[in-house]
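Structure first, commentary second.
In what follows, chains carry the letters A, B, and so on, assigned in the order in which the sequence lines appear, proteins first and then strands, with residues in each chain numbered from 1.
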Protein chains: 2
Amino acid sequence: MPKPDESPDSGTEKKGITDSVLFSLIGYRLKRVYMQIQPLAQRVLAENDLRVVSFSCLSIITDNPGIVQSELADALQMERSNLVVIIDELEERGLITRKKIPTDRRRYALTATLRGRHLRDRAAAKVRTAEDEVLGWLDEDDRDRLLTILGRLERRTAR
Amino acid sequence: MPKPDESPDSGTEKKGITDSVLFSLIGYRLKRVYMQIQPLAQRVLAENDLRVVSFSCLSIITDNPGIVQSELADALQMERSNLVVIIDELEERGLITRKKIPTDRRRYALTATLRGRHLRDRAAAKVRTAEDEVLGWLDEDDRDRLLTILGRLERRTAR
DNA sequence: TATTGTTATACTCTATAACTATA
DNA sequence: TATAGTTATAGAGTATAACAATA
């Protein structure tokens, strides 16, 4: 059963270099594709003075008004200590607000402002377009399949 | 046409938190899956005193005897300056050898030793097993589909 | 006691610039 | 003049430990 034609032996193949063993590891493959997309996203987000991580924060805050920092850190799988400066900046720029929660004065409710929500929407559209530079090579079926399969892999986060 | 049943609205969903906009961006999704796999690979490689990057180097050198550092840097898409200490360590541990190339004395031919090749093989097997902790949720078809689709996305590196 | 936000700090990764020896 | 390997260094990104306020 001869495979259609697909990749002859393996990946890279710039000047006869092979990475056939690495090529069979998904971690390696995922990273390579991610590293193709990441700089594109970075570039378009920078046009709005956003980094990938601050855009992610703004996006989740937009979709979850009233979320607190430890929940946000949890959602983005990062340390809450590293969130502080990011949240500070988003607040200073008037993209989000921090509001005391009366019932638990340790926590602050984070909410996106109108400006923040609009910026999020514009930025998200730009990132989507940027991603298409890479994704463009896929037809609709492949795109759906990829997202579905990634979804199955993401299921177990807590383990 | 109602989709089978799949993900209700979006991702995370730990405590009502939604990331529906981010969820539609593949960069975000790829990173999340990669970040699930990476620590597992890191852990098993550490058992052999290897980091992900040093394992990658050892693996490519094993498969490409005589490769030189700048080619290796190119294959792994990293700066050649950052390769130096890694190559140094692999050589000190007797996993690879550096040999002057008579025709161009600026370059050194890198070749894996027998020990290096064996370590690579053992380590690769471990990583494969570790990845299965995540990949296990996929059937064979999905696994093939994922690798095929990633292959299509990787095609354009030079652009 | 435990948790939230915070600060300070360390550690890893990656990027850049400059040097040397060769070509 | 350009390239391979090297060095040193700077900058992100991430992780850890400890603290004050609050629960």
Q: Could you tell me whether A/Asp141 and B/Arg145 make a salt bridge, using a distance below 4.0 angstrom between a side-chain N and a carboxylate O?
A: no
Q. Side chains of B/Arg120 and B/Ser59: do they bring a donor and an acceptor to under 3.5 Å?
A. yes
Q: Indicate whether any N or O donor in one side chain lies under 3.5 Å from an N or O acceptor in the other, for B/Arg107 and B/Gln69.
A: no
How close or far is atom [atom2] of [N] from atom [atom1] of [X], stated in whole angstroms?
X       : N      : atom1 : atom2 : answer
A/Arg98 : C/dT4  : CZ    : P     : 16 Å
B/Asp88 : D/dG5  : CG    : P     : 12 Å
B/Ile86 : C/dT14 : CD1   : P     : 8 Å
B/Ile96 : D/dG5  : CD1   : C1'   : 13 Å
A/Glu71 : C/dT3  : CD    : C1'   : 12 Å
A/Met78 : C/dT6  : CE    : C1'   : 14 Å
B/Leu90 : D/dG5  : CG    : C1'   : 16 Å
B/Tyr34 : C/dC13 : OH    : C1'   : 11 Å

**Q.** Matching residue for A/Asp63 among B/Ile17, B/Leu22, B/Val21 - test: side-chain contact (heavy atoms from CB on, under 4.5 Å)
**A.** B/Val21
Q | Candidates A/Val44, A/Leu50, A/Asp132 - the one meeting side-chain contact (heavy atoms from CB on, under 4.5 Å) with A/Val127 | A | A/Val44
Q | Of B/Tyr108 and A/Gln38, the one whose closest DNA chain D nucleotide lies more 5' | A | B/Tyr108
Q) Hey, which of these two, A/Met35 or A/Asn82, hits DNA chain C nearer its 5' end, going by closest nucleotide? A) A/Asn82
Q. Taking only N and O in the side chain of A/Ser70, is any of them less than 4.0 Å away from OP1 or OP2 of C/dG5?
A.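 Checking C/dG5 against A/Ser70, a side-chain N or O does come within under 4.0 Å of OP1 or OP2.
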Q. Under 4.0 Å between a side-chain N or O of B/Gln69 and OP1 or OP2 of D/dT6?
A. yes
Q) Which part of the nucleic acid, if any, lies within reach of B/Glu79 when heavy atoms closer than 4.0 Å are counted: base, sugar-phosphate only, or nothing? A) base
(Q) Applying a 4.0 Å non-hydrogen cut-off, can you work out what A/Val53 is touching in the nucleic acid: base, sugar-phosphate, or nothing? (A)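 Nothing, no nucleic acid heavy atom in range.
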Under 3.5 Å, which N/O atoms of the protein pair with N/O atoms of nucleotides 17-23 of chain C?
unit_1 : atom_1 : unit_2   : atom_2 : d
C/dA23 : OP1    : B/Arg105 : N      : 2.8

Q.
Tell me whether A/Leu72 shares a hydrophobic cluster with A/Tyr108, the cluster being built from Ile, Leu, Val, Met, Phe, Trp, Tyr side chains joined at under 4.5 Å.
A.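 The answer is no; the residues belong to distinct hydrophobic clusters.
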Q) Between B/Phe23 and B/Arg29, is there a cation-pi geometry (under 6.0 Å to ring centre, at most 45° from the normal)? A) yes
Q. Looking at the side chain of B/Arg107, which of D/dA4, D/dG13, C/dT4 is the nearest nucleotide?
A. D/dA4
